[in-house]
Protein chains: 2
Amino acid sequence: MQPAAKRGRPQEADPRQIARIALGLFERHGFDRVTMGEIAEAASVSRRTLFRLFPSKSDLVWDGLDAVRDVVRQRAAALAGAELRVAGVLREFAEPFLRLLDAPEAAELARKRLRLLAAAPALLNHPPLREIEALIATTMAGRTSSGDTPPPLVARTLVAATFAALMWWAEHGEGMSALAATRAALGALAPTDET
Amino acid sequence: MQPAAKRGRPQEADPRQIARIALGLFERHGFDRVTMGEIAEAASVSRRTLFRLFPSKSDLVWDGLDAVRDVVRQRAAALAGAELRVAGVLREFAEPFLRLLDAPEAAELARKRLRLLAAAPALLNHPPLREIEALIATTMAGRTSSGDTPPPLVARTLVAATFAALMWWAEHGEGMSALAATRAALGALAPTDET
DNA sequence: TCAATTATGGCATCGAGTGCCAAAATGCAA
DNA sequence: TTGCATTTTGGCACTCGATGCCATAATTGA
């Protein structure tokens, strides 16, 4: 497959570069105190182009999540017929992602992003994140192995709890791994029946 | 204690009334499609006054959460010396609140609000909610009964998971009670150790 | 050279949220 | 009654995120 000679005007702006610049500014001055205009200027693009590449300020932080979502899509397709309990879903979806976070090269960048999330929780309102939820729910929907608890309910709660744990980890979990923090937090939630 | 003859100009605007009107508009047309200007006009106050009474659009939905926060404060103070596990925290804080939701009179209003939350997740970025988290964390902080899992981590995850479950319940949990949905969801999360 | 295509940037506009300030409506003191 | 302090109200202007429209630039293909 050749480079496939694109038709119109070639793209001059580099989205990854822009996102890196923005993340740097966010870290230095705080998410709220950096305006889209400043980012545009720092990245040498027009404000309008910046908004075309990143439809919302949040997208600058979530850059790369689309790739994660695609991995989740593939996994969901591959697991279409498998027998899974909730623990299995966590293992199949979340844990590989978490292990990725714990990789030495990626950990620092992940921490940066998650710290930003913790500081500006509005960032959680993000469509791709919702799609990941939906994919997990769909994967669980076929089977009743999780008892009579509706799979979409579990999926939604699972994603929310996982991200909450991750955000805490990014801010305060210096000593532990992302995976350990998440497992510990989820494990502690179960309401042992003492009425 | 007499009505205590207030000093300045008496307040003309009725916050509760305004919140009711706003909630009605949100339900009919959707949270995003109702502007603060429209709410102000419908409630016969100026836009500026509306923003003074409800500093953000979200506050119109969360109206009344301050009361819940105060109850949580009292409970936290009362439990200052008690021995509690996570299950106990859920019981002491969340369940009374959930039972309140399941009361026939309140259930419909609660559903309305939670449905709005689900439709506009940005609403979760709300300081009183964060304070409730902090109170639960503080209450748990003194004791090591929850193992070596840091209490703030559990508190944060617990609140996030509870609200996620509640929002699902508001949208799709027609048949069940809020309490049952939350208990089921949290119970399903525990990663049973099969690596 | 000309048309189709795609990226860019400028401009206007909307809506949330904030700061500033003048006017209105009260209680209280002189 | 007059004047003062106090509190609410509302108008105005402004910032910032986000969107729509349109002209222009840069490329490929005919």
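When reading the values below, keep in mind they use all heavy atoms of this one structure, side chains included, and skip hydrogens, waters and symmetry mates. Within every chain, numbering begins at 1; the chains are lettered A, B, ... in the order of the sequence lines, protein sequences first and strands thereafter.
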Once ring-ring contact (aromatic ring centres under 6.0 Å, His included) is applied, do any residues pair with His172(B), and if so which ones, sequence neighbours excluded? Trp168(B)
Most 5' of Ala13(A) and Thr35(B) on DNA chain C, judged by nearest nucleotide: Ala13(A)
Nearest-Å distance for atom pair CG/C1', residues Leu60(B) and dA16(C): 12 Å
In whole Å, what is the span from the CD atom of Glu38(B) to the C1' atom of dC14(C)? 12 Å
Rounding to an integer number of Å, can you tell me how far Ile18(A) CD1 sits from dT8(C) C1'? 12 Å
In whole angstrom, what separates Leu50(B)'s CG from dT18(C)'s P? 12 Å
Ignoring hydrogens and geometry, is there a side-chain-to-backbone donor-acceptor pair from Arg33(B) to His29(B) under 3.5 Å? yes
Of the listed dA25(D), dA18(D), dA16(C), the closest approach to the Arg9(A) side chain comes from dA25(D)
Arg48(B) side-chain proximity, nearest of dG19(C), dT9(D), dT8(C): dG19(C)
Could you tell me how far apart Leu53(B) (CG) and dG10(D) (P) are, to the nearest whole angstrom? 10 Å
If you pin Arg47(B) and Ser46(A) to their nearest nucleotides in DNA chain C, which one's is more 5'? Ser46(A)
Whole angstrom is fine here: how far is it from NZ in Lys57(B) over to P in dC16(D)? 21 Å
Looking only at dT8(D), dG10(D), dC28(C), the nucleotide nearest the Val45(B) side chain is dG10(D)
Minimum-distance pair of heavy atoms, taken over all atoms of Leu25(A) and Ala42(A): CD1-CB, 4.0 Å
In whole angstroms, how far is the P atom of dG9(C) from the CZ atom of Phe51(A)? 14 Å
When you measure only distances, ignoring hydrogens and angles, does the side chain of Arg52(B) come within 3.5 Å of the base of dG10(D) through a donor and an acceptor? yes
In sequence, state the C-alpha distance, the side-chain angles, and the governing distance for Val61(B) and Phe31(B), and then conclude on side chain to side chain contact (heavy atoms under 4.5 Å, CB included). CA-CA 9 Å; Val61(B) 179; Phe31(B) 182 78; 3.8 Å; yes
What is the distance, to the nearest angstrom, from the CE atom on Met36(B) to the P atom on dG10(D)? 14 Å
Ignoring hydrogens, what is the shortest heavy-atom contact between Thr162(A) and Leu158(A)? Give both atom names and the distance. OG1-O, 2.7 Å
